[in-house]
Amino acid sequence: MSIATRDFAQEHPDAVAMGDERVDITWRDLDLCLNQLTNAILNAGLGSDQRIAVFAENASETVIAHLGGILAGISTVPINFHLTAAELQYILEDSNAGMLFVGPETAERGLEAASAAGVNLVVGWRCDSGPVPWHDFIGRGDQSEPPTDMTPKPFLHYTSGTTGRPKGTNTPPTMFAGGESIEEHIQIVRSAPRFAGPGVSMVVSPL
């Protein structure tokens, strides 16, 4: 089971963990998905200094993609889905992204930018063609519990670039739980109220 979801999956397996206008995902299904996704990311051959970029509108998959990166000990880059292919290309190159997640609204621009930036792995959900299908990529990972001894890495955020090229900056320590390992990271998130309290969260702004 995934360290991030095992308690909920054991205690409330059929309760809704997250959802959007299309789908509700139970804790049991999310737990299995995170195991496979994390293992698939770890098996994707990314270098130690490479990141995962997420270029998509709000969706359950967008959240899960970021969670998979966190659990794999790989920094993820949330990218404004309004950007053009040329703007996206710059961020992919500057962030040293080795992998890109896209949704159906961003797939065309994402594929164009990834090709120009030399990013060979593009994974997309609900896309008719082009990216590696989301479920196919998840299927590359086995269902066993992933290792948890990797060092967690903060997100890399980019400015709007209104005065030139966007600038990348890591999530500040006051907003990132840190820890020496993924296991410690999850423990800090659960124990510190500023990171995660009980209850339901609704996301109404772009992720």
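- Of the inter-residue distances, the one linking Ile70 atom CD1 with Ile186 atom CD1 reads 7.0 Å to the nearest 0.5 angstrom.
- Connection of Val102 to Val23 is not established within any shared hydrophobic cluster, with ILVMFWY side chains joined at heavy-atom distances below 4.5 Å, either directly or through further cluster members.
- Interatomic distance, CG of Asp31 versus CD of Gln36, reported as 10.5 Å (0.5 Å rounding).
- Put simply, the side chain of Ser2 reaches to within 4.5 Å of the side chain of Asn35, judged on heavy atoms.
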### Task
Test Ser60 against Asp20 for side-chain hydrogen bond (donor to acceptor under 3.5 Å, both in side chains), laying out the working first.
CA-CA 6 Å; Ser60 293; Asp20 54 32; 3.3 Å; yes
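- The shortest side-chain heavy-atom distance between Val77 and Tyr158 falls under the 4.5 Å cut-off.
- For Asp136, the CG atom sits in a packed shell: over 12 heavy atoms of surrounding residues, nucleotides or ligands are nearer than 6.0 Å.
- Linking Ile, Leu, Val, Met, Phe, Trp and Tyr whenever their side-chain heavy atoms come within less than 4.5 Å puts Leu111 and Leu83 in one cluster.
- Contact check for Leu156 versus Thr169: no side-chain heavy atoms found under the 4.5 Å cut-off.
- With rounding to the nearest 0.5 angstrom, the CZ atom of Arg51 is 6.5 Å from the OG atom of Ser95.
- Under a cut-off of 6.0 angstrom, the local environment of CD in Gln10 is crowded, with over 12 non-hydrogen atoms contributed by other residues, nucleotides or ligands.
- Remark: side-chain polar atoms of Asn58 are not paired, donor with acceptor, to backbone N or O of Val204 under 3.5 angstrom.
- Contact annotation: the side chain of Phe176 approaches that of His185 to within less than 4.5 Å [non-hydrogen atoms, C-beta and beyond].
- Taking CG of Leu42 as the start and CG of Leu71 as the end, the distance is 9.5 Å to the nearest 0.5 Å.
- Linking Ile, Leu, Val, Met, Phe, Trp and Tyr whenever their side-chain heavy atoms come within less than 4.5 Å puts Leu67 and Phe8 in one cluster.
- Side chain of Thr38 to backbone of Gly69: no donor-acceptor contact under 3.5 angstrom is found.
- Note that CD1 of Ile79 is 12.5 Å distant from CZ of Phe101, once rounded to the nearest 0.5 Å.
- Among pairs with a residue in residues 90-117, none fulfils salt bridge (charged side-chain N to carboxylate O under 4.0 Å, His left out), at least two apart in sequence or across chains.
- Annotation: Asp128, atom CG; neighbour count of heavy atoms from other residues, nucleotides and ligands within 6.0 Å does not exceed 12.
- Looking at every heavy atom in both residues, Leu30 comes nearest to Ala17 through CD2-CB, 3.8 Å.
- Contacts of Thr171 classified as side-chain hydrogen bond (donor to acceptor under 3.5 Å, both in side chains), with partners at least two apart in sequence or in another chain: His157.
- Under the 4.5 Å side-chain criterion, counting only non-hydrogen atoms from C-beta, Ile138 is in contact with Cys33.
- Side-chain contact annotation: Thr84 with Glu87, donor-acceptor N/O pair under 3.5 Å present.
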### Task
Report the C-alpha separation of Arg140 and Val132 in whole Å, then their side-chain angles, then the decisive distance to 0.1 Å, and conclude whether the side chain to side chain contact (heavy atoms under 4.5 Å, CB included) test is met.
CA-CA 11 Å; Arg140 297 180 184 181; Val132 175; 3.6 Å; yes
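- Looking at Thr159 and Pro166, their side chains come closer than 4.5 Å, going by heavy atoms from C-beta outward.
- Taking all atoms of both residues into account, the shortest heavy-atom contact from Asn39 to Pro147 is OD1-CD, 4.4 Å.
- In terms of modelled atom types and a separation under 3.5 Å, the side chain of Thr106 and the main chain of Phe55 share a donor-acceptor contact.
- Note that the CD1 atom of Ile52 and the OG1 atom of Thr76 stand 7.0 Å from one another [nearest 0.5 Å].
- Both Ile64 and Ile182 are members of a single hydrophobic cluster when ILVMFWY side chains are connected at heavy-atom separations under 4.5 Å.
- Proximity of a side-chain donor or acceptor of Arg190 to a complementary backbone N or O of Ala4 within less than 3.5 Å is detected.
- Here the side chains of Gln50 and Ile74 are not in contact, with every heavy-atom distance at 4.5 Å or above.
- When all heavy atoms of Gly179 and Thr151 are compared, the pair lying nearest together is O-CG2, 4.3 Å.
- Under the 4.5 Å side-chain heavy-atom criterion for Ile, Leu, Val, Met, Phe, Trp and Tyr, Leu46 and Met150 are members of the same hydrophobic cluster.
- A heavy-atom distance below 4.5 Å is found between the side chains of Trp134 and Val123.
- Within 6.0 Å of the CZ atom in Arg165, the count of heavy atoms belonging to other residues, nucleotides or ligands does not exceed 12.
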### Audit row: Leu100, Leu92, side chain to side chain contact (heavy atoms under 4.5 Å, CB included) steps and yes/no
CA-CA 8 Å; Leu100 175 65; Leu92 293 177; 4.2 Å; yes
